[in-house]
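We count residues from 1, following the sequence as given.
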Amino acid sequence: MQALLNVSDRIDATLEKVSSAVGWLFVLTTIVIAFDVITRKFGFQLPHMGSTRLQELEWHLHTALFAFYLGTAYIRNSHVRIDVAYLNAKARTVVIAELLGCIAFAVPYCLLAIYFSADFTLVAWVDGEASPSSNGLAYRWIPKGCLTAGLILLFAGVISVMLRSVVYLFGDSSLRGRTNLAIIENKE
């Protein structure tokens with residue numbers, strides 16, 4: 001069981017490093033948005049950097065930000081969730097529900113989504129897909145690749161939570177405290 005926690009710790013550390021490394025994209029995104037707003041307000045455009053390109057760059061950056069935080073959001077339990085079903089449930093019940101949900105829904109979804117998004121990215125790369133706008137950005141495979149990478153990070157986060165859930169449910173009681181499951185922070 002200690003080995004499962006060690007693997008989960010490594011996954012979590014990797015997810016945290018990835019999300020920290022792409023944190024600078026918040027600054028870049030803010031600069032791009034501010035520049036786009038200012039240039040549109042005053043009607044000034046840099047050559048080869050029209051509003052269409054800036055707006056497409058904005059959503060490319062938003063895609064990267066969203067995608068590279070998926071795994072971290074899952075391990076921190078900061079994703080959208082409807083917990084009404086076990087609002088007053090005991091910690092063990094919540095962990096059982098989480099483990100079953102991961103097995104029945106999250107793992108199959110991630111694997112299917114990774115498969116199709118990887119194909120989506122590959123087709124965009126092979127075809128040299130670009131913006132449909134004549135003055136838009138090229139290399140449409142980059143944001144699509146970010147989605148695929150984000151789904152892989154989400155899958156890693158799901159595996160980490162599953163490993164911690166298994167340790168919580170079936171491991172020694174001495175290891176329970178070390179699981180640090182975010183889903184039961186206020187239950188114990």
Side-chain angles (χ1 to χ4, degrees), residues 1-26 60-125 141-188:
M1 292 292 170
Q2 182 64 45
L4 295 179
L5 283 177
N6 291 340
V7 170
S8 181
D9 286 343
R10 284 193 291 269
I11 292 171
D12 291 0
T14 302
L15 293 172
E16 292 287 345
K17 285 178 186 172
V18 168
S19 60
S20 291
V22 299
W24 64 270
L25 288 178
F26 279 114
H60 285 206
L61 292 169
H62 279 107
T63 301
L65 283 167
F66 171 79
F68 289 117
Y69 276 90
L70 281 173
T72 303
Y74 195 80
I75 63 171
R76 290 183 182 173
N77 195 36
S78 56
H79 57 290
V80 176
R81 175 191 290 269
I82 302 172
D83 291 338
V84 175
Y86 47 81
L87 188 62
N88 297 317
K90 294 180 180 173
R92 185 170 179 79
T93 304
V94 173
V95 175
I96 290 170
E98 182 71 20
L99 182 59
L100 292 175
C102 286
I103 292 168
F105 301 109
V107 168
Y109 170 79
C110 285
L111 293 175
L112 200 61
I114 290 167
Y115 173 78
F116 284 109
S117 70
D119 185 53
F120 191 51
T121 302
L122 181 63
V123 168
W125 182 63
W141 60 270
I142 294 173
K144 291 180 180 186
C146 287
L147 287 174
T148 303
L151 288 165
I152 292 168
L153 294 172
L154 174 61
F155 182 67
V158 168
I159 296 300
S160 177
V161 169
M162 286 176 59
L163 294 174
R164 290 184 186 281
S165 298
V166 166
V167 171
Y168 185 90
L169 294 170
F170 305 110
D172 294 333
S173 59
S174 62
L175 293 176
R176 256 191 206 149
R178 197 169 163 282
T179 58
N180 297 327
L181 282 164
I183 56 171
I184 58 170
E185 278 180 352
N186 300 324
K187 297 283 183 189
E188 295 185 306

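The shortest non-hydrogen separation linking Ser160 to Ile11 is CB-CG2, 3.8 Å. Residues Val94 and Ala89 share a closest heavy-atom pair of CG2-CB, 4.1 Å. The two atoms that bring Val167 and Leu4 nearest to each other are CG2-CB, 3.8 Å, heavy atoms only. The heavy-atom pair separating Gly171 from Met1 by the smallest distance is CA-CG, 3.8 Å.
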Give the intermediate values and the outcome of side chain to side chain contact (heavy atoms under 4.5 Å, CB included) for residues Lys144 and Val123.
CA-CA 10 Å; Lys144 291 180 180 186; Val123 168; over 6 Å; no
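Once rounded to the nearest 0.5 Å, the distance linking SG of Cys146 with CH2 of Trp141 reads 9.0 Å. Separating the CG atom in Asp119 from the OG1 atom in Thr148 is a distance of 9.5 Å, to the nearest 0.5 Å. Summarising the geometry, atom CG belonging to Leu153 is positioned 7.5 Å from atom OG1 belonging to Thr72; distances are rounded to the nearest 0.5 Å. Here CD1 of Ile114 is found 11.5 Å from OG1 of Thr121. Values are rounded to the nearest 0.5 Å. We find the CG-CG distance between Leu147 and Leu154 to be 12.0 Å, quoted to the nearest 0.5 Å. Remark: Ser8 OG to Leu181 CG distance equals 8.0 Å, nearest 0.5 Å.
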Under 3.5 Å, side-chain donor or acceptor atoms of residues 60-71 against the rest of the protein: list the pairs with distances, not counting sequence neighbours.
{"residue": "His62", "atom": "ND1", "partner": "Glu58", "partner atom": "O", "Å": "2.8"}
{"residue": "Thr63", "atom": "OG1", "partner": "Trp59", "partner atom": "O", "Å": "2.7"}
{"residue": "Tyr69", "atom": "OH", "partner": "Ser19", "partner atom": "O", "Å": "2.8"}

Report all side-chain donor-acceptor pairs from residues 99-111 shorter than 3.5 Å, counting only partners two or more places apart or in another chain.
none

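Qualifying salt bridge (charged side-chain N to carboxylate O under 4.0 Å, His left out) partners for Asp9, counting only residues two or more places apart in sequence or in other chains: Arg164, Arg178.
By the 4.5 Å heavy-atom criterion applied to side chains, Leu5 and Leu163 are not counted as neighbours. At a threshold of 4.5 Å between non-hydrogen side-chain atoms, the residues Met162 and Val166 do not count as touching.
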